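Below is one structure, written out as structure tokens, with a few remarks after it.
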Amino acid sequence: VAPGAVVIGASMGGLRAAEQLRAAGWTGPITVIGAEPYAPYNRPPLTKALLRSFSVAKLDTRTAHRTLAFRRRPSVDDVSWRLGRTVTSVCVDDRTIRLDDGEELTYEGLVVATGLRPRRLPLRAPLEDRHVIRSLDDAAALGQVLAPGARVVVIGAGFIGCEVAATATELGCSVTVIEPLSAPLTQAVGEELGQAVQRVHEANGVRFCLGSRVAAVESEFRRDAAPKRIVELADCTRVVADVVIEAIGSVPNVEFLDGNGLDLGDGVLCDNQLRVAGRPEIVAVGDVARFPNPRFDETPRRVEHWSMPGLMARRAAATLASHLLGTETPHADFDPLPTFWSDQFDLRINSMGAPALADEITVLEGDLGALHGSATGAAVLYQRDQRPVGVVGVGISPERLNRFRSILQPVPSVAVEGAVAR
Ligand SMILES: Cc1cc2nc3c(=O)[nH]c(=O)nc-3n(C[C@H](O)[C@H](O)[C@H](O)COP(=O)(O)OP(=O)(O)OC[C@H]3O[C@@H](n4cnc5c(N)ncnc54)[C@H](O)[C@@H]3O)c2cc1C
């Protein structure tokens, strides 16, 4: 049997890569290897509706997976799925892959789609005392303990932390969010919008300890009662919790590629066609891939948005298939417009572009100071060196936000009508 194409990572990026390899004309064997025991499933509901279902309806993971699983296209019916199997190492010179049970596979073409895992605080407290949320199993474990009245501490006020804080509050928990920066979501969308979102959280009962770092998490065990956690901040403030959730960012899953001389500094370094540097037979897709997007500049970056694995898989598969089939390589720039959304209470945040790159923030419409939820709304422009790099809508429909899409065309110096600089 010819070794064919192997995809490492059986989530959205891995599934889309397999589909797109077929769409790009690759008819040889495809094997997809995934560490989780589940067929590819959708992650965004894990912090939102599904977390609620785990808590309220005591959903089991098998039923939950049925609601989350991606529909599989007939074109990948003949793909060989190795689920519940982890790749422990790859030798790119020999084109071999070693699995956790010692099995070795060879490949002609390789797709790296291994995504991220939650970053952990380097604390003495056992990891099991602090929940994280990346996988279906993580959400199931957390949902079981989010009972009404539970005291919940969320460490980290990025998107995952804020979404979990909102869902836990809606479930009747008493939630405190601890964040070293001065407002939630600051790194992603800036302080001003972050403060507006904070006010919506506070109006719903969430407490914030901002400018605070966690120094320790201790457990207190009592006879006939569930253990209590004490979250100690650097300034010695102590916050008592029944549930502690760490949401302090993510780490790319790349260790299995060690020893091959690849740049794995922050994910797998790729060129603009998603080819792993110097290796035409390896491409990377999804959260793990670091690539330059000429829409913004030449700096390679990772993008952790749901909208990206599909777009990246299409280009990466075309790149890899053309190498494997000896056909012409695509050479148009890959310059996708990243988009993401987030749901917190009744507030929907929609983003286009890369607001995190901005050095100037301008309100295009609405009033961030008067943001209460879906009844009000605002659109915010993000510029770098006076060039638009992103637009974020809070509490406005995607259709209304879409009116600003043309601002983000990858052309230099577009004037923005009606913009009020802050
Ligand atoms: C809880 C949560 C909520 C989110 N909500 C939103 C949202 O509201 N809006 C939005 O735009 N985006 C959201 N995202 C982001 C979006 O879901 C991700 O961008 C997307 O899942 C990335 O897909 P991926 O296939 O690149 O990586 P992943 O989904 O991380 O999949 C990687 C897979 O590879 C497997 N793997 C890793 N290492 C190995 C190995 N060595 N061998 C075999 N398999 C391996 C992993 O187990 C995993 O199954 C959310 C993400 C999470 C986690």
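Predicted model, so just to flag it, every value in this text is computed and none were measured. Counting starts at 1 for both ligands and their atoms, in listed order.
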- Query: Between Arg229 and Ser219, do the side chains contain an N or O donor and an N or O acceptor separated by less than 3.5 Å?
  - Reply: yes
- Query: So is Glu163 close enough to ligand 1, meaning a heavy atom under 4.0 angstrom away?
  - Reply: yes
- Message: With heavy-atom distances below 4.0 Å as the criterion, list the atoms of ligand 1 near Glu36.
- Response: 47 (O), 48 (C), 49 (O)
- Task: Please test Arg387 against Asp359 for salt bridge (charged side-chain N to carboxylate O under 4.0 Å, His left out), starting from the C-alpha separation and ending with a verdict.
- Result: CA-CA 10 Å; Arg387 280 192 55 193; Asp359 53 30; over 6 Å; no
- Check ligand 1 against Phe256 and write out every atom of the ligand that is under 4.0 Å from a heavy-atom position of the residue. 41 (N)
- Query: Hey, does Thr339 come in under 3.5 Å of ligand 1, counting only N/O atoms on both sides?
  - Reply: no
- Task: Compare all side-chain heavy atoms of Pro338 with those of Met308 and state whether any distance is below 4.5 angstrom.
- Result: yes
- Item | Residues which pass salt bridge (Lys or Arg N to Asp or Glu O under 4.0 Å) with Arg117, listed by chain and number, not counting sequence neighbours | Glu255
- Item | Salt bridge present between Lys48 and Glu163 (N-O < 4.0 angstrom) | yes
- Just which atoms of ligand 1 are under 4.0 Å from any heavy atom in Pro309? 22 (C), 23 (O)
- Verdict with supporting geometry, Cys173 and Val243, side chain to side chain contact (heavy atoms under 4.5 Å, CB included): CA-CA 10 Å; Cys173 303; Val243 181; over 6 Å; no
- Query: Is it the side chain (CB and beyond), the backbone, both or neither of Thr114 that lies under 4.0 Å from ligand 1, heavy atoms counted?
  - Reply: both
- Item | Within 45° cone of Phe70 ring axis and under 6.0 Å: Arg72 NZ or CZ | no
- Item | Ala284, Pro44, Gly84: member with heavy atom nearest to atom 14 (N) of ligand 1 | Pro44
- Query: How does Phe159 reach ligand 1, if at all, at less than 4.0 Å between non-hydrogen atoms: by side chain, backbone, both, or neither?
  - Reply: neither
- Item | Distance from atom 35 (C) of ligand 1 to nearest protein heavy atom, with residue and atom | Gly9 CA, 4.0 Å
- Item | Under 3.5 Å donor-acceptor, Thr114 side chain and Asn253 backbone | yes
- Note on the structure: ligand 1 atoms nearer than 4.0 angstrom to some heavy atom of Ile33 are 43 (C), 44 (N)
- Message: With nothing but distance in play, are any N or O atoms of Ile8 less than 3.5 Å from an N or O of ligand 1?
- Response: no
- Message: Is there a polar contact between ligand 1 and Ser11, counting only N or O atoms under 3.5 Å apart?
- Response: yes
- State whether Arg199 and Glu202 are salt-bridged, where the test is any N-O pair (Lys NZ or Arg NE/NH1/NH2 against Asp/Glu carboxylate O) under 4.0 Å. no
- Item | Pairwise salt bridge (Lys or Arg N to Asp or Glu O under 4.0 Å) hits with a residue in residues 139-155, at least two apart | Arg151-Asp242
- Which residue and non-hydrogen atom of the protein lie closest to atom 12 (N) of ligand 1, and at what distance in Å? Trp306 N, 3.3 Å
- Specify the protein heavy atom at minimum distance from atom 40 (C) of ligand 1: its residue, its atom name, and the distance to 0.1 Å. Val87 N, 3.7 Å
- Note on the structure: Within 4.0 Å of some non-hydrogen atom of Gly286, the atoms of ligand 1 are 26 (O)
- Item | atom 44 (N) of ligand 1: the protein heavy-atom neighbour that sits closest, reported with distance to 0.1 Å | Ala35 N, 3.0 Å
- Message: Which label fits Phe334 and Phe291: parallel for a plane angle under 30°, tilted from 30 to 60°, or perpendicular past 60°?
- Response: tilted
- Residue and atom name of the nearest protein heavy atom (relative to atom 30 (O) of ligand 1), distance in Å to one decimal: Arg134 NH2, 2.7 Å
- Message: Measuring from atom 19 (O) of ligand 1, which candidate in Asp138, Val32, Asp287 has the nearest non-hydrogen atom?
- Response: Asp287
- Message: For Tyr38 and His65, take the angle between the two ring planes, folded into 0 to 90°, and tell me which bin it lands in: parallel under 30, tilted 30 to 60, perpendicular over 60.
- Response: parallel
- Between Asp271 and Arg279, is there a salt bridge with N-O shorter than 4.0 Å? no
- Query: Any idea which part of Phe340 is under 4.0 Å from ligand 1, heavy-atom wise: side chain, backbone, both or neither?
  - Reply: both
- Query: Among Leu51, Ile160, Ile133, Leu83, whose heavy atom sits nearest atom 2 (C) of ligand 1?
  - Reply: Ile160
- Message: With nothing but distance in play, are any N or O atoms of Ser342 less than 3.5 Å from an N or O of ligand 1?
- Response: no
- Message: Out of Arg117, Met12, Arg43, who is nearest to atom 48 (C) of ligand 1 when you count heavy atoms only?
- Response: Arg43
- Query: At a 4.0 Å threshold, what atoms of ligand 1 neighbour a non-hydrogen atom of Arg85?
  - Reply: 43 (C)
- Note on the structure: At under 4.0 Å between heavy atoms, what of Ala113 touches ligand 1? The answer is backbone
- Would you indicate whether the side-chain heavy atoms of Val285 and Gln20 approach each other to under 4.5 Å? no
- Query: Between Asp138 and Arg134, is there a salt bridge with N-O shorter than 4.0 Å?
  - Reply: no
- Among non-hydrogen protein atoms, atom 9 (N) of ligand 1 lies closest to Trp341 O, 2.9 Å
- Note on the structure: Residue, atom and distance of the protein heavy atom nearest atom 8 (O) of ligand 1 read Lys48 NZ, 2.7 Å
- Message: With a 3.5 Å distance limit and no angle check, can you tell me whether Ser250 reaches the backbone of Leu116 through a side-chain donor-acceptor pair?
- Response: no
- Query: Between the candidates Ser351, Gly13, Ala289, which shows the shortest non-hydrogen contact distance to atom 24 (P) of ligand 1?
  - Reply: Gly13
- Sub-4.0 Å atoms of ligand 1 with respect to non-hydrogen atoms of Leu116: 30 (O)
- Note on the structure: Judged by heavy atoms only, the candidate from Gly115, Gly267, Gly310 nearest atom 27 (O) of ligand 1 is Gly115
- Query: Going through the checks in order, is the side chain to side chain contact (heavy atoms under 4.5 Å, CB included) test met by Leu364 and Ile407?
  - Reply: CA-CA 11 Å; Leu364 289 173; Ile407 293 174; 4.2 Å; yes
- Message: Show the atoms of ligand 1 that are less than 4.0 angstrom away from any heavy atom in Thr47.
- Response: 1 (C), 3 (C)
